[in-house]
Amino acid sequence: MNKLSLNRIIFIGYVALVLIFLILPLLIVVPMSFSDSRFLSFPPSNYSFRWYDTFFSNLGWMSAAKTSLIVAFSTALIATPIGVAAAYAINSSTHWLMRYLKLVLLLPLIVPIIIVATGVFFIYALSGMLYTIPGLIMADVMLALPYVITAVTAGLHGFDQTQEMVARSLGMNRFRSFMSVTLPQIMPSVVTGAIFAFIQALDETMVALFISGGQNQPLTVRMFTALRDEIDPTIAAISTLLTAASFALVLLLVLARKQSPV
C-alpha cells in the first residue's frame, strides 16, 4: 500500500467519524419522538404518534410554530434581495471600502452569538421593539444576510460578467441588464441563500431568547423554556420535525441545482 492510498484511507475514516458524530444525536432523538412512554427513554419500549398528536393539538405549540414560520418566511423575503444587492455591489466594485463593507455584513458569523444577542437586546429595549414580531424579523435578517451574501458571491464569481456588459452596451441600463442577464444565471445561488436564510431564522434560539416573549415567542424559544419545567417526548417530536424540514429543504436545493443548466 503506497503513501497516497494510506492518506486517502485516513482521510475517509476521519470524514466518516465526523459524519457519525453529527448524525448520532438524530439516531437517538428520532426514535424517542415515537415513544409511547410519558418520559424520554431510549430505546423506546413501545412506539406511537402520541407526541406528534400532542404537538399539533396544543394551541400554545401551534401559536409558537406560526410565529416561527412567519418570521422565517419574512426573513427569507427581506434578506434575499438585500443580500443579492450587497453581493453584487461588493463583487462589481473595486473600491477599497467594499472590502470593509463585506466584513461588516459578515460580522454576525464572526462575533459570538451571545454578544450579538446582548447588543440587540439593549438596542431593542431603548427603541421599544422587544417582544415584537418585526423585532424578531429584523434580528433574523441581520443574522441571515451573511449566508445570502456568501452564496450569491460564490455564484457571481462563476458568472462571466462580460455578458452583462454586452447587454448594457446594447442599450440596457444596469438594473435591467442585471435582471435580464445576470440574475437568471445566478438564480441557483440566490435560491441557496434564501433557503439558508429561512433555515437560520427557523432554528434561531439565542437572540430570540433575549428579544421575544409572550404571544410572539418562536418555537425554538418555547422548546427551550419548556425544558426547564418538564422534559417530555414532545420536544423530541418537534426536534424531529424541524430537522426533517431542514433536510427536505436542502435536499430540494440539491436536486434543483442538479437539474439547473447553469
Side-chain angles (χ1 to χ4, degrees), residues 18 21-26 29 64-80 82-84 86-87 90 99-154 192-214 216-229 231 235-236 238-247 249-250 253:
V18 171
F21 177 77
L22 293 174
I23 294 174
L24 189 59
L26 295 179
V29 171
K66 179 182 177 181
T67 298
S68 289
L69 290 174
I70 291 173
V71 171
F73 276 113
S74 300
T75 298
L77 289 174
I78 297 171
T80 301
I82 296 175
V84 170
I90 292 169
R99 296 197 300 270
Y100 294 98
L101 174 62
K102 183 177 182 181
L103 178 62
V104 170
L105 292 173
L106 295 181
L107 276 178
L109 290 180
I110 303 171
V111 179
I113 191 64
I114 185 66
I115 296 177
V116 175
T118 304
V120 172
F121 170 78
F122 280 107
I123 292 174
Y124 279 15
L126 293 173
S127 61
M129 294 190 66
L130 285 176
Y131 314 133
T132 64
I133 288 182
L136 273 172
I137 294 171
M138 287 179 60
D140 280 324
V141 167
M142 175 191 65
L143 295 172
L145 273 176
Y147 297 99
V148 180
I149 292 172
T150 302
V152 176
T153 300
T192 299
I195 288 178
F196 278 105
F198 179 88
I199 293 174
Q200 184 280 325
L202 190 65
D203 292 340
E204 168 55 37
T205 304
M206 184 57 68
V207 174
L209 275 171
F210 279 73
I211 65 173
S212 67
N216 297 326
Q217 194 176 64
L219 190 57
T220 51
V221 173
R222 183 173 175 82
M223 290 170 64
F224 186 87
T225 54
L227 288 172
R228 295 183 305 181
D229 302 326
I231 300 177
I235 304 296
I238 300 170
S239 300
T240 301
L241 290 172
L242 289 175
T243 303
S246 299
F247 270 119
L249 287 172
V250 174
L253 175 61

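Positions are given from 1 along the sequence.
By the ring-ring contact (aromatic ring centres under 6.0 Å, His included) test, Phe247 is found to be paired with no residue, residues two or more places apart in sequence or in another chain being considered. With sequence neighbours left out, Ile90 forms a side-chain contact (heavy atoms from CB on, under 4.5 Å) with Met98, Leu101, Lys102, Leu105. In this view, Ser239 and Val29, Met223, Ile235 satisfy the side-chain contact (heavy atoms from CB on, under 4.5 Å) rule, not counting sequence neighbours. Looking at residues two or more places apart in sequence or on another chain, you find no side-chain hydrogen bond (donor to acceptor under 3.5 Å, both in side chains) involving Thr67.
Rounded to the nearest 0.5 angstrom, Leu143 CG and Thr75 OG1 are separated by 9.0 Å. Annotation: the span from Leu77 atom CG to Ile82 atom CD1 amounts to 11.0 Å, rounded to 0.5 Å. Taken from CG in Leu219 to CG in Leu202, the straight-line distance is 7.5 Å, to the nearest 0.5 Å.
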Return all side-chain donor-acceptor pairs below 3.5 angstrom for residues 145-154, not counting sequence neighbours, or 'none' if the list is empty.
from, atom 1, to, atom 2, distance (Å)
Thr150, OG1, Pro146, O, 2.7
Thr153, OG1, Ile149, O, 2.6

Report, one line per pair, each donor and acceptor closer than 3.5 Å where one atom sits in a side chain of residues 121-136; sequence neighbours left out.
from, atom 1, to, atom 2, distance (Å)
Tyr124, OH, Gly135, O, 2.6
Tyr124, OH, Ala139, N, 3.4
Ser127, OG, Ile123, O, 3.0
Ser127, OG, Tyr124, O, 3.4
Thr132, OG1, Met129, O, 2.7
Thr132, OG1, Gly135, N, 3.1

Please tabulate, one pair per line, all N/O donor-acceptor pairs under 3.5 Å involving side-chain atoms of residues 205-212, not counting sequence neighbours.
from, atom 1, to, atom 2, distance (Å)
Thr205, OG1, Asp203, O, 3.2
Ser212, OG, Ala208, O, 2.4

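Looking only at distances, no side-chain donor or acceptor of Ser74 sits under 3.5 Å from a matching main-chain atom of Ile137. With hydrogens and angles ignored, the 3.5 Å screen pairs no side-chain donor or acceptor of Ser68 with any backbone N or O of Pro218.
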Might you work through the side-chain contact (heavy atoms from CB on, under 4.5 Å) test for Val116 and Met142, ending with a clear yes or no? CA-CA 10 Å; Val116 175; Met142 175 191 65; 3.5 Å; yes
Evaluate the criterion side-chain contact (heavy atoms from CB on, under 4.5 Å) for residue pair Val71 and Asn216; output intermediate values, then yes/no. CA-CA 10 Å; Val71 171; Asn216 297 326; over 6 Å; no
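Residues Asp140 and Gln200 are in side-chain contact: their nearest non-hydrogen atoms beyond the backbone lie under 4.5 Å apart.
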